[in-house]
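This one's a predicted model, so the numbers in the text were calculated from it and none came from an experiment.
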Amino acid sequence: MIRPDTPLAARIDSLRNAVVGTLRRCHAGNGDIAGCYFVPGRIEVLGKHTDYAGGRSLVAAVDRGFVIASARRADNVVRVIDSVTGEQVVINTDAAGDAGTDDGLSIPAWATYPLTVVRRCTANFPSAKGGADIAFASDLPQAAGLSSSSALVVAVFLAVDAVRGISATPEYTAAI
């Protein structure tokens with residue numbers, strides 16, 4: 001639990017306000033937020049790149065990270081918006097996870113991470129269908145060794161799960 005009278009709580013609240021504001025402005029649905037999360041970055045004290053290979057690692061959360069929120073869509077499109085830059089990517093889950101942008105420009109570099117999460121969720125948990133509008137903001141510096149890409153991947157999964165209910169499916173239970 002984060003104490004509400006701390007600088008961390010104030011930063012998270014500021015990011016949350018930006019994310020929820022972006023989602024409310026851009027969301028075409030009824031405006032109900034399905035989930036809003038804070039995912040911290042981390043430092044790896046010992047065992048860098050050993051955890052995903054079954055080895056041990058010692059990690060510690062940092063006081064910076066991602067705030068992400070999601071809302072349901074009536075279609076099977078997942079739209080992810082960076083609340084800070086305004087960049088967005090649209091992922092069509094009916095078309096093998098094809099991705100693009102609303103304005104036809106190239107896909108931003110960060111879009112690889114949500115695209116991968118959405119594709120894996122669609123392939124591995126087919127019973128959990130549905131679209132989402134997702135907005136995020138972060139005060140975690142990129143490429144600083146604080147696992148910003150891992151934090152974004154986890155955040156996107158939480159946002160998609162809040163809309164699709166993936167963690168309640170038999171496929172998820174069997175995989176975990």
| task | Report yes or no: do Trp110 and Glu87 form a side-chain donor-acceptor pair below 3.5 Å? | result | yes

| request: Can you spot which of Ser138, Cys36, Ser83 makes a side chain to side chain contact (heavy atoms under 4.5 Å, CB included) with Val67? | output: Cys36

| message | Under a 3.5 Å distance rule, please check whether Arg25 uses its side chain to pair with a backbone N or O of Gly21 as donor and acceptor. | response | yes

| message | Tell me the closest heavy-atom pair linking Ala71 and Asp32, and the distance in Å. | response | CB-O, 3.3 Å

| field | Any pair counted as salt bridge (Lys or Arg N to Asp or Glu O under 4.0 Å), so long as it reaches residues 138-152, sequence neighbours left out | value | Arg11-Asp139, Arg64-Asp139

| task | Decide whether Thr85 and Asp82 meet the rule of one side-chain donor and one side-chain acceptor closer than 3.5 Å. | result | yes

| query | For Val19 and Ile68, which heavy atoms make the closest approach, and how far apart are they? | reply | CG1-C, 4.0 Å

| task | Determine whether Val153 and Ile107 fall in the same hydrophobic cluster, where Ile, Leu, Val, Met, Phe, Trp and Tyr are linked whenever their side-chain heavy atoms lie under 4.5 Å apart. | result | yes

| query | If you round to the nearest 0.5 Å, how far is CD1 of Ile91 from CG of Leu115? | reply | 5.0 Å

| said: For a quick test of reading the model, state the closest non-hydrogen atom pair linking Ala151 to Pro40 and the distance between them. | reply: CB-O, 3.8 Å

| Check: Ile43 and Val59 side chains under 4.5 Å, non-hydrogen atoms | no

| request: Show the numbers, then the answer: is there a side-chain contact (heavy atoms from CB on, under 4.5 Å) between Cys26 and Arg79? | output: CA-CA 10 Å; Cys26 298; Arg79 178 172 53 164; 3.9 Å; yes

| field | Minimum-distance pair of heavy atoms, taken over all atoms of Ser148 and Phe66 | value | O-CE1, 3.3 Å

| message | With a sphere of 6.0 Å drawn around CD of Glu171, does it hold more than 12 non-hydrogen atoms of other residues, nucleotides or ligands? | response | yes

| query | Do Leu146 and Pro141 come close enough that some side-chain heavy atom pair is under 4.5 Å? | reply | yes

| request: Ignoring hydrogens and angles, state whether a donor on the side chain of Ser167 or Asp161 is under 3.5 Å from an acceptor on the partner side chain. | output: yes

| Got Thr122 and Arg164 here, is their nearest side-chain heavy-atom distance under 4.5 Å? | yes

| message | What's the separation between atom CG in Asp133 and atom OG1 in Thr22, rounded to the nearest 0.5 Å? | response | 11.5 Å

| request: Find out if a path of hydrophobic residues (ILVMFWY) with successive side-chain heavy-atom gaps under 4.5 Å connects Phe38 to Ile81. | output: no

| For the residue pair Ile33 and Ala69, what are the closest heavy atoms and their distance? | CG2-CB, 4.2 Å

| query | Is there side-chain contact between Thr93 and Val78, with at least one heavy-atom pair below 4.5 Å? | reply | yes

| task | Could you tell me whether Tyr113 atom OH has more than 12 heavy atoms of other residues or ligands within 6.0 Å of it? | result | no

| Do the non-hydrogen side-chain atoms of Thr169 and Tyr172 ever get within less than 4.5 Å of each other? | yes

| request: Walk me through it: do Val90 and Val77 pass the test side-chain contact (heavy atoms from CB on, under 4.5 Å)? | output: CA-CA 7 Å; Val90 178; Val77 168; 3.3 Å; yes

| query | Same hydrophobic cluster for Phe136 and Val163, using side-chain heavy-atom links shorter than 4.5 Å among ILVMFWY? | reply | no

| When rounded to the nearest 0.5 angstrom, what is the spacing between CD1 in Ile166 and SG in Cys121? | 3.5 Å

| request: Evaluate the side-chain contact (heavy atoms from CB on, under 4.5 Å) criterion for residues Val62 and Leu140: first the C-alpha distance (whole Å), next the side-chain angles of each, then the deciding distance (0.1 Å), finally the verdict. | output: CA-CA 9 Å; Val62 298; Leu140 192 60; 4.1 Å; yes

| What distance separates Arg42 CZ from Ser147 OG, expressed to the nearest 0.5 Å? | 4.0 Å

